[in-house]
Amino acid sequence: MTSVLEDPTLERHFKGHRDTVTSLDFNPNMKQLASGSMDSCLMVWNFKPQMRAYRFVGHKDAVMSVVFSPSGHLVASASRDKTVRLWIPSVKGESTVFKAHTATVRSVDFSPDGQALLTASDDKSIKVWTVHRQKFQFSLNQHMNWVRCARFSPDGRMIVSGSDDKTVKLWDKNTKECVHTFFEHGGFVNSVAFHPSGTCIAAAGTDSTVKVWDIRTNRLLQHYQVHTAAVNGLSFHSSGNYLITASNDSTLKILDLLEGRLFYTLHGHQGPATTVAFSRAGDFFASGGSDEQVMVWKTNFDQVDYSEVLKSHKARTEQPQPPPHIHDIPPRSPHTVRQVPRPAVPQLDARSEPRNLEVPSPEVVDVGPALFSNPQTAAGQNSTVPHSLADFSLTSADVAMRDPVHAPPAPSVGATQPLEKQTIPPQLANTLEHIVGQLDVITQTVSILEQRLSMTENKLREALDNQQKITLQVRPTD
């Protein structure tokens with residue numbers, strides 16, 4: 001067991017985006033990091049120093065969310081252009097695109113088995129799709145305002161969502177019903193996440209707070225007010241012992257969930273910190289901000305066996321006069337006899353530390369449909385990932401554009417048509433768009449009417465029960 005607790009350290013920092021970084025996710029193989037930005041681009045950063053970074057061009061507006069599939073062979077991106085794209089994270093830049101919502105798509109997530117996609121949108125809906133052919137499965141429609149974030153539970157059976165209606169909702173994927181609504185947030189809910197155990201959820205919002213609930217009892221377990229501005233993102237460590245947050249106050253905060261306290265404050269970004277994510281194993285985490293930078297940090301502090309630390313603390317505090325010990329460093333709880341005051345929370349400022357100049361910022365390669373008008377351009381490139389869109393039954397307009405000879409056959413019935421290949425006249429497209437919007441409104445209206453009908457039925461049942469009770473009470477007197 002490591003006896004000394006080490007502080008997080010800034011390992012790499014990447015420059016390549018031209019606007020605020022909105023979302024980050026590590027490839028499970030730990031060879032790549034994906035980032036989305038308001039500059040409409042998805043970037044994939046390769047951790048090998050010699051390898052170039054890829055800038056994927058295809059979205060027509062800001063990229064709001066990015067996530068790797070569990071296998072690491074696909075990256076999904078959600079955009080303000082109302083679409084979701086599935087990419088293969090290699091220099092070929094193959095992708096397929098589908099119209100997911102009638103407004104900005106704020107969030108995208110893969111199910112744990114990699115078979116389903118979850119999207120959340122400003123059209124107030126949450127939708128579930130198949131990854132294979134991107135077929136629509138069902139929609140969840142009880143939020144009353146924009147849905148900022150939605151995530152699958154670790155077992156894939158539950159969904160959690162956060163909205164501008166100031167609520168966090170818990171859904172059963174199988175029954176498609178909302179099983180509970182949490183009303184504790186005083187502002188818009190920007191980010192939600194499941195604890196690795198699947199028994200708790202966390203949410204962060206514009207009220208500057210972070211809250212943790214137990215979904216077995218639906219009770220609020222922890223409430224943190226450690227930031228001085230809106231909290232934009234959060235991520236659980238794989239051990240479940242820590243939670244990291246990113247805020248408009250420009251800081252990252254690491255919370256110790258076992259002791260219920262602030263553990264570290266990290267300063268790295270110039271301006272708001274907009275997103276943060278732990279790697280799958282928890283040994284690294286990445287952050288992004290309005291300064292257009294992506295920073296990769298080494299966790300370090302998770303090397304301590306936390307259960308052993310707590311046991312040693314408990315054993316020593318039960319002694320009549322516990323001696324000083326090196327384990328007083330983590331987790332900094334005072335002795336019961338000596339009453340040593342708790343030290344201040346460590347403040348780490350990466351902005352004032354010298355950069356590691358041995359690893360320069362990688363060269364960026366632009367990858368996108370516009371760059372492959374000449375088929376020979378793509379022919380000389382070898383993919384670093386031995387997979388193609390055909391392996392995932394994806395339909396790629398990009399492949400067809402760069403090489404008509406090897407273009408994929410027309411998609412079968414039920415396949416999603418790529419937007420680039422559409423030849424629908426603009427007037428008809430606008431009409432269809434309007435019809436789809438009206439259908440969404442009708443769907444929500446029907447949902448509300450169903451709820452009101454259920455309430456009316458319940459009230460009618462109560463009235464009949466009361467009438468029957470009154471009749472039974474009156475009858476003996478007759």
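Heavy atoms only: backbone and side chains are in, while hydrogens, waters and symmetry mates are out.
To the nearest 0.5 angstrom, Cys200 atom SG is 11.5 Å from Trp213 atom CH2. Note that CH2 of Trp297 and CG of Leu252 are 6.0 Å apart. Values are rounded to the nearest 0.5 Å. Separating the CG atom in Asp61 from the OG1 atom in Thr104 is a distance of 7.0 Å, to the nearest 0.5 Å. Taken from OG in Ser107 to CZ in Arg151, the straight-line distance is 4.0 Å, to the nearest 0.5 Å. The structure places CZ of Phe278 at 10.5 Å from CZ of Phe236, a figure rounded to the nearest 0.5 Å. The OG1 atom of Thr130 sits 10.0 Å away from the CZ atom of Arg133 when rounded to the nearest 0.5 Å.
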Quick one, Arg106 with Thr119, criterion side chain to side chain donor-acceptor pair (under 3.5 Å). Give me CA distance, side-chain angles, the key distance, then yes/no.
CA-CA 8 Å; Arg106 294 271 172 188; Thr119 59; over 6 Å; no

Can you list the steps and then say if Val189 with Asp164 is a side-chain contact (heavy atoms from CB on, under 4.5 Å)?
CA-CA 6 Å; Val189 181; Asp164 279 10; over 6 Å; no

Phe110 vs Gln115, side-chain contact (heavy atoms from CB on, under 4.5 Å): CA-CA, chis, key distance, verdict:
CA-CA 7 Å; Phe110 280 97; Gln115 300 300 308; over 6 Å; no

Where do Trp87 and Val97 land on the side-chain contact (heavy atoms from CB on, under 4.5 Å) test, with the steps shown first?
CA-CA 9 Å; Trp87 310 79; Val97 60; over 6 Å; no

Determine whether Asp109 and Leu117 satisfy the following criterion, side-chain contact (heavy atoms from CB on, under 4.5 Å), listing intermediate values before the conclusion.
CA-CA 6 Å; Asp109 191 30; Leu117 272 175; over 6 Å; no

Carefully, step by step, assess Asp81 and Lys60 under the rule salt bridge (charged side-chain N to carboxylate O under 4.0 Å, His left out).
CA-CA 6 Å; Asp81 65 11; Lys60 298 172 178 61; 5.7 Å; no

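His237 and Ser239 share a side-chain donor-acceptor pair at under 3.5 Å. In this model, a donor atom of one side chain and an acceptor atom of the other lie less than 3.5 Å apart for Arg85 and Ser95. A donor-acceptor contact closer than 3.5 angstrom is absent between the side chains of Ser290 and His269. Looking only at atom types and distance, the side chain of Gln32 has a donor-acceptor partner in the side chain of Asn27 under 3.5 Å away. There is no side-chain donor-acceptor pair under 3.5 Å between Ser161 and Arg148. If you check the side chains of Ser125 and Lys127, you find no donor sitting under 3.5 Å from an acceptor. With no hydrogens or angles considered, no side-chain donor-acceptor pair links Asn232 and Thr275 at under 3.5 Å.
Residues Trp171 and Asn141 come closest through the heavy atom pair CH2-N, 4.2 Å. Looking at every heavy atom in both residues, Pro196 comes nearest to Pro154 through O-CG, 3.6 Å. In terms of heavy atoms, Cys149 sits closest to Asn190 at CB-O, 3.8 Å. Between Ser35 and Val21, the shortest heavy-atom contact is CB-CG1, 4.3 Å. A pairwise comparison of heavy atoms in Gly260 and Gln222 identifies CA-NE2, 3.8 Å as the closest pair. Nearest heavy atoms, Leu243 versus Ala202: CD2-CB, 4.1 Å.
Listed for the Thr274 side chain is a donor-acceptor partner under 3.5 Å among the backbone atoms of Gly288. A side-chain donor-acceptor contact under 3.5 Å links Thr22 to the backbone of Val63. Formation of a donor-acceptor pair under 3.5 Å by the Arg280 side chain with backbone atoms of Phe26 is found in this model. Under the 3.5 Å distance criterion, the side-chain polar atoms of Glu259 are left unmatched by any main-chain donor or acceptor of Asp256. Checked by atom type and distance alone, the side chain of Ser247 never pairs as donor or acceptor with a backbone atom of Ser250 at under 3.5 Å. Checking side-chain atoms of Ser37 against main-chain N and O of Cys41 turns up no donor-acceptor pair under 3.5 Å. Side chain of Thr299 to backbone of Asp283: a donor-acceptor contact under 3.5 angstrom is found. Remark: the backbone N or O of Thr102 is paired with a side-chain donor or acceptor of Asp123 at under 3.5 angstrom. Ser208 contributes a side-chain N or O that, together with a main-chain N or O of Ala229, makes up a donor-acceptor pair within less than 3.5 Å. With hydrogens and angles ignored, the 3.5 Å screen pairs no side-chain donor or acceptor of Ser79 with any backbone N or O of Lys82.
Between Val296 and Leu33, some side-chain heavy-atom pair lies under the 4.5 Å cut-off. Side-chain atoms of Val108 and Trp129, non-hydrogen and from C-beta on, never get closer than 4.5 Å to each other. Taking 4.5 Å as the limit, some side-chain heavy atom of Val75 sits within range of a side-chain heavy atom of Leu42. Annotation: side chain of Val210 is not in contact with side chain of Val226 (no heavy-atom distance under 4.5 Å). Counting only heavy atoms from C-beta outward, the side chains of Leu266 and Phe285 approach each other to under 4.5 Å. Using a 4.5 Å heavy-atom cutoff, the side chains of Leu140 and Ile159 are in contact. Contact annotation: the side chain of Leu10 approaches that of Met295 to within less than 4.5 Å [non-hydrogen atoms, C-beta and beyond]. Residues Leu234 and Ser191 are in side-chain contact: their nearest non-hydrogen atoms beyond the backbone lie under 4.5 Å apart.
Between Phe14 and Trp45, the ring-plane angle classifies as parallel under the 30° and 60° cut-offs.
A salt bridge does not link Glu94 with Lys92: none of the charged nitrogens is closer than 4.0 Å to a carboxylate oxygen.
For Thr251, the side chain to side chain contact (heavy atoms under 4.5 Å, CB included) test picks out His227, Asp249, Lys253, Thr265, His267, with sequence neighbours left out. For Lys124, the side chain to side chain contact (heavy atoms under 4.5 Å, CB included) partners at least two apart in sequence or on another chain are Gln444.
Tested against Asp39 for a side-chain hydrogen bond (donor to acceptor under 3.5 Å, both in side chains), the candidates Arg55, His17, His59 yield a single pass: His17.
Counting heavy atoms of neighbouring residues, nucleotides and ligands inside a 6.0 Å radius, atom NZ of Lys166 does not exceed 12 of them. Within a 6.0 Å radius of CE in Met144, no more than 12 heavy atoms belonging to other residues, nucleotides or ligands are found.
Note: Trp146 and Phe188 fail the aromatic proximity criterion, with ring centroids not under 6.0 Å apart. Ring centers of Phe183 and His185: at least 6.0 Å apart, outside the cut-off. Annotation: Tyr242 is in aromatic contact with Phe301 [ring centroid separation under 6.0 Å].
At least one cation-pi condition fails for Lys31 and Phe47: the charged atom is not both under 6.0 angstrom from the six-membered ring centre and inside a 45 degree cone around its axis.
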